Amino acid sequence: MASPSTGIRVLIVDPHPGVRTALAQALGTAPGIGEVRAVGGAAEALAAVGTWRPDVVLLETKRRGGDGLDLLRRLARGGEGPPVLVVTSYPDALERLEVMLAGGSGYLLKDVATEVLVAAVLGAHRTRETEQGRDDR
């Protein structure tokens, strides 16, 4: 759980190194955001959630092997895991619905303005904290 002094821990899960770097740079200096880590694979993502316990996960569901929605379900763990925001390059109305049904906390395009991305991360974290009765404010 993030504290006001450390900020929110964000895990980026995307198969493309350039995208991971760009998202990490966009979030890295934003107010309210603490540490940002990035991984490419599903196994790395699950391990990071289990050990590092990020406050919010950004996930690209369009993955080789088509396991993106399964990975989303595993990361979100039926509301017991961190909020998972899908960040993708290709808008897809059906996928947006599937993401929400699988436990996703939001669906954004990768060309989103940094301010909107940061607001989505902060909002997802705040909503989860409130739902779990741990709002620090």
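Remember, it's a predicted structure, so these values are computed and weren't measured experimentally. What you see below is based on every heavy atom in this structure, not just the backbone, and it leaves out hydrogens, waters and symmetry mates.
- No more than 12 heavy atoms of other residues, nucleotides or ligands shown are found within 6.0 angstrom of CZ on Arg74.
- Listed by chain and number, the residues in a salt bridge (charged side-chain N to carboxylate O under 4.0 Å, His left out) with Glu44 amount to none (sequence neighbours excluded).
- Taking each heavy atom of Pro82 and Asp55 in turn, the nearest pair found is CB-O, 3.8 Å.
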Under 3.5 Å, which donor-acceptor pairs do the side chains of residues 34-41 form with other protein atoms, sequence neighbours left out?
unit_1 : atom_1 : unit_2 : atom_2 : d
Glu35  : OE2    : Arg37  : NE     : 2.8
Glu35  : OE2    : Arg37  : NH2    : 3.2

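- Side-chain contact check for Leu71 versus Leu46: some heavy-atom pair is nearer than 4.5 Å.
- Minimum interatomic distance between Pro83 and Ser105 (heavy atoms only, all atoms of both residues): CB-OG, 3.4 Å.
- Side-chain atoms of Leu108 and Thr88, non-hydrogen and from C-beta on, never get closer than 4.5 Å to each other.
- Listed by first and then second residue, the salt bridge (charged side-chain N to carboxylate O under 4.0 Å, His left out) pairs involving residues 103-113 are Asp14-Lys110, Glu60-Lys110 (not counting sequence neighbours).
- Under the 4.5 Å side-chain criterion, counting only non-hydrogen atoms from C-beta, Val10 is in contact with Val121.
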Identify every side-chain donor-acceptor pair in residues 91-102 under 3.5 Å, counting partners at least two apart or on other chains, and give the distances.
unit_1 : atom_1 : unit_2 : atom_2 : d
Asp92  : OD1    : Leu94  : N      : 2.9
Asp92  : OD1    : Glu95  : N      : 3.0
Glu95  : OE1    : Lys62  : NZ     : 2.5
Glu95  : OE1    : Tyr107 : OH     : 2.8
Glu95  : OE2    : Thr61  : OG1    : 2.4
Glu95  : OE2    : Lys62  : NZ     : 3.4

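- Taking both residues in full, the closest heavy atoms of Ala24 and Ile12 are given as N-CD1, 3.4 Å, listed atom of the first, atom of the second, then distance.
- Within the structure, side-chain hydrogen bond (donor to acceptor under 3.5 Å, both in side chains) pairs that include any residue of residues 20-34 do not occur (at least two apart or interchain).
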Checking side chain to side chain contact (heavy atoms under 4.5 Å, CB included) for the pair Leu58/Val84: CA distance, chi angles, key distance, verdict? CA-CA 6 Å; Leu58 301 181; Val84 180; over 6 Å; no

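- Using a 4.5 Å heavy-atom threshold, the side chains of Leu23 and Leu117 count as touching.
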Mind running side chain to side chain contact (heavy atoms under 4.5 Å, CB included) on Leu122 and Val56 for me, showing each step along the way? CA-CA 9 Å; Leu122 296 174; Val56 176; over 6 Å; no

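- One hydrophobic cluster, built from ILVMFWY side chains closer than 4.5 Å, holds both Trp52 and Leu59.
- Partners of Ala113 under the side chain to side chain contact (heavy atoms under 4.5 Å, CB included) rule, at least two apart in sequence or in another chain, are Glu115, Val116.
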Derivation of the side chain to side chain contact (heavy atoms under 4.5 Å, CB included) call for Leu69 and Arg73: CA-CA 6 Å; Leu69 289 173; Arg73 286 182 198 93; 3.8 Å; yes

